[in-house]
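Each remark here refers to the structure printed beneath this line.
Hydrogens, waters and symmetry mates are skipped; everything else that's a heavy atom, side chains included, is used.
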Amino acid sequence: MALSRRTLLGLAAGVPASAALAACGSSGPSNGGGDGKATYWHLSGQPQEGVRTGAVERFNETNPKGQIEVTTFENDAYKTKIKTAIGAGKAPTIIWGWGGGTLRTYVEADQVDDLTPWFDENPDIKNRLFPSSFGAATVDGRIYAMPFESVEPVVLFYNKRVFDDVGVEPPQSWDDIMALVPKFKAEGIAPFSLGGQSRWTNMMWLEFLFDRIGGPEVFQAVFDGEKGAWSHPAAIEALTKVQDLVKAGGFIKGFSSITADSNADQALLYTDKAAMMLHGSWSYGIQQTEGGDFVSGDNLGFMNFPPVEGGTGDPGNSVGNPAQYLSISSKASAKQKKIAKDFFATGVLTDDEVKAWIDTGAVPIRKGSEKLLAESESSEFLQFVYGIASNAKAFGQSWDQALSPTAAETLLDNIAKLFQLSISPKQFTDNLNKVIGK
């Protein structure tokens, strides 16, 4: 899950690229693309899709003998199709992704190229990107993906108009969050919007609660495969607190049937039906695009997730996506691989693309963009995001991307059950401990 990290989860099949890309459209899975073409699949949804396809259009205009053809997909459809295509040896030349656990599975199956030598030969390309972006691109000390696009922390958004009408202030602690719930409910306003059917939207709550209560080392133990890591006392407390919020009616009624791909969760916030929403920073661009004068009228507030009383986590920490990532299929032809590397070198995070990301309300991971951020109409939000990204002592990668696909699917399935109150915190931890290291 419009979207950048995830382009709003959906069950739709591949969505054709825009008419403007008709000359380089693709009909479906293939690692071919013709003698002079490389293939590239990425996520659909505006405004981010337009930035991605625009970068390809500019590259194609200046590289007539090394074209890239694009196919776009909604999030869930993409995850399914890319997995199938890679397994069948028919991956696109350029593989869009989030790094982390999924990238590791590609590496272990020898499905993507090691880009370490290329970065060694092109140090200027590496040095112009945020150093923090390379963590999720690295497996066993080797770089297998090109970090690009933007840094996307998860942000607590709130509707200033609703807060003013009810006469309350943004929460400064977990206790404040719980105290606000009955106040909004009494006015017929949902305290929090949530597209719970998409599951990863629920996950953001646990990512922050784990961090704020026990610090980043709680999930790090899970990531490192430590036996029983999910049973840490801080984890049990976090799981219990999120169920307390569900039981208190903290989320919009029927949240488990709302999908993020429809942007219904966003609309609940900007139409005053919900007071707050925990979501990725890409939400700003969606609300700016779809919310009328909600953003331009200064009705959207934003803040980092507040501390939890008694917690040991640094309240400056963040979670989310340190970047997005491009890998090269090991099955691509030599010519296709050259086109991909040329695109990485001259077509990714160009001045035009950096400006386009900033115009969507995103902070690109290219160094030296502070002046452009300050000059943007969205400067307050962009500088807020830049501050989070540059000052956080810990920036945790989204769990479903950090873990292996097997563990991630078990995680998302159990998170949905946790929010539906159909399993207890102990049942959750028992189920997740079974897939540690898988």
Side-chain angles (χ1 to χ4, degrees), residues 1-16 41-49 72-83 96-98 102 152 154-157 159 189-207 242 245-246 249-292 294 319-321 324 360 398-401 405 408-423:
M1 76 194 145
L3 196 44
S4 207
R5 180 211 167 185
R6 314 169 178 279
T7 283
L8 311 175
L9 293 176
L11 300 177
V15 178
W41 297 1
H42 63 67
L43 298 190
S44 62
Q46 299 298 348
Q48 292 82 0
E49 179 185 348
T72 65
F73 303 88
E74 288 189 356
N75 182 278
D76 270 3
Y78 177 77
K79 288 180 177 177
T80 299
K81 287 181 177 291
I82 194 69
K83 180 180 179 181
W96 190 101
W98 298 278
T102 299
E152 297 170 338
V154 176
V155 175
L156 181 56
F157 293 97
N159 184 323
I189 300 166
F192 288 96
S193 175
L194 180 65
Q197 186 175 319
S198 297
R199 303 183 304 176
W200 57 265
T201 47
N202 305 359
M203 179 182 66
M204 298 175 184
W205 284 90
L206 294 180
E207 289 172 341
V242 84
L245 183 58
V246 174
F251 299 108
I252 185 78
K253 186 177 180 180
F255 69 85
S256 62
S257 63
I258 297 172
T259 59
D261 64 296
S262 64
N263 283 2
D265 49 356
Q266 316 279 336
L268 289 167
L269 187 70
Y270 62 69
T271 58
D272 303 343
K273 292 181 174 62
M276 295 171 279
M277 179 179 67
L278 191 65
H279 219 298
S281 59
W282 59 84
S283 172
Y284 182 91
I286 297 171
Q287 295 179 70
Q288 192 176 47
T289 301
E290 301 184 1
F294 181 64
V319 302
N321 304 300
Q324 290 74 49
T360 72
S398 297
W399 289 356
D400 58 340
Q401 304 307 329
E409 182 57 32
T410 302
L411 169 70
L412 292 170
D413 181 52
N414 279 272
I415 284 177
K417 293 175 181 176
L418 184 83
F419 273 70
Q420 292 162 9
L421 306 178
S422 62
I423 59 172

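Counting only N and O atoms by type, the side chains of D261 and T259 include a donor and acceptor under 3.5 Å apart. Between S193 and D265, the side chains place no donor N or O within less than 3.5 Å of an acceptor N or O (distance only, hydrogens not considered).
In this structure, OG in S283 is found 7.0 Å from CG in L269, a value given to the nearest 0.5 Å. Here OG1 of T289 is found 10.5 Å from CD of Q266. Values are rounded to the nearest 0.5 Å.
Nearest approach of S257 to Q197, heavy atoms of both residues: O-OE1, 3.2 Å. For the pair G280 and F157, the tightest heavy-atom approach, listed with the atom from each and the gap, is O-CE1, 3.6 Å. Considering all non-hydrogen atoms of both residues, R199 and D413 come closest at NH1-N, 3.7 Å. Across V246 and F419, no two heavy atoms sit closer than the pair CG1-O, 3.4 Å. Considering every non-hydrogen atom in both M276 and L156, the closest pair reads CB-CD1, 4.4 Å.
You'll find the side chain of T360 stays beyond 4.5 Å of the side chain of Q288, heavy atoms only. A 4.5 Å side-chain heavy-atom check between I82 and F73 finds every atom pair outside the cut-off. Using a 4.5 Å heavy-atom cutoff, the side chains of M204 and V319 are not in contact. Looking at Q287 and M277, their side chains come closer than 4.5 Å, going by heavy atoms from C-beta outward. In this structure the side chain of S398 never reaches within 4.5 angstrom of the side chain of W98, judged on heavy atoms. At a threshold of 4.5 Å between non-hydrogen side-chain atoms, the residues Q401 and T102 count as touching.
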Exercise. For H42 and T72, what are the C-alpha separation, side-chain angles and deciding distance, and is it a side chain to side chain contact (heavy atoms under 4.5 Å, CB included)?
Worked result: CA-CA 5 Å; H42 63 67; T72 65; 3.3 Å; yes
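Under the side chain to side chain contact (heavy atoms under 4.5 Å, CB included) test applied with N414, the options L418, T410, L411 reduce to a single match, T410.
Counting only residues at least two apart or on different chains, the salt bridge (charged side-chain N to carboxylate O under 4.0 Å, His left out) pairs with a member in residues 270-285 are R161-D272.
Under the side chain to side chain contact (heavy atoms under 4.5 Å, CB included) criterion, S422 pairs with K417, Q420, not counting sequence neighbours. Residues passing the side chain to side chain contact (heavy atoms under 4.5 Å, CB included) test with I258 are I252, A264, L268, sequence neighbours excluded. Considering only residues two or more places apart in sequence or on other chains, Y270 meets the ring-ring contact (aromatic ring centres under 6.0 Å, His included) condition with none of them. Scored by the side-chain hydrogen bond (donor to acceptor under 3.5 Å, both in side chains) test, N202 finds no partners at all (sequence neighbours excluded). Among residues two or more places apart in sequence or in another chain, the side chain to side chain contact (heavy atoms under 4.5 Å, CB included) test is passed with K83 by none.
When atom types are taken as modelled, the side chain of T201 and the backbone of G195 share a donor-acceptor pair closer than 3.5 angstrom. Under the 3.5 Å distance criterion, the side-chain polar atoms of Q324 are left unmatched by any main-chain donor or acceptor of W96.
A tilted orientation is assigned to the rings of F251 and F255, their planes being inclined by 30° to 60°. Between W205 and F192, the angle of the ring planes goes over 60°, which puts this pair in the perpendicular group of the 30/60° scheme.
E74 and K81 are not joined by a salt bridge, as no carboxylate oxygen comes within less than 4.0 angstrom of a charged side-chain nitrogen.
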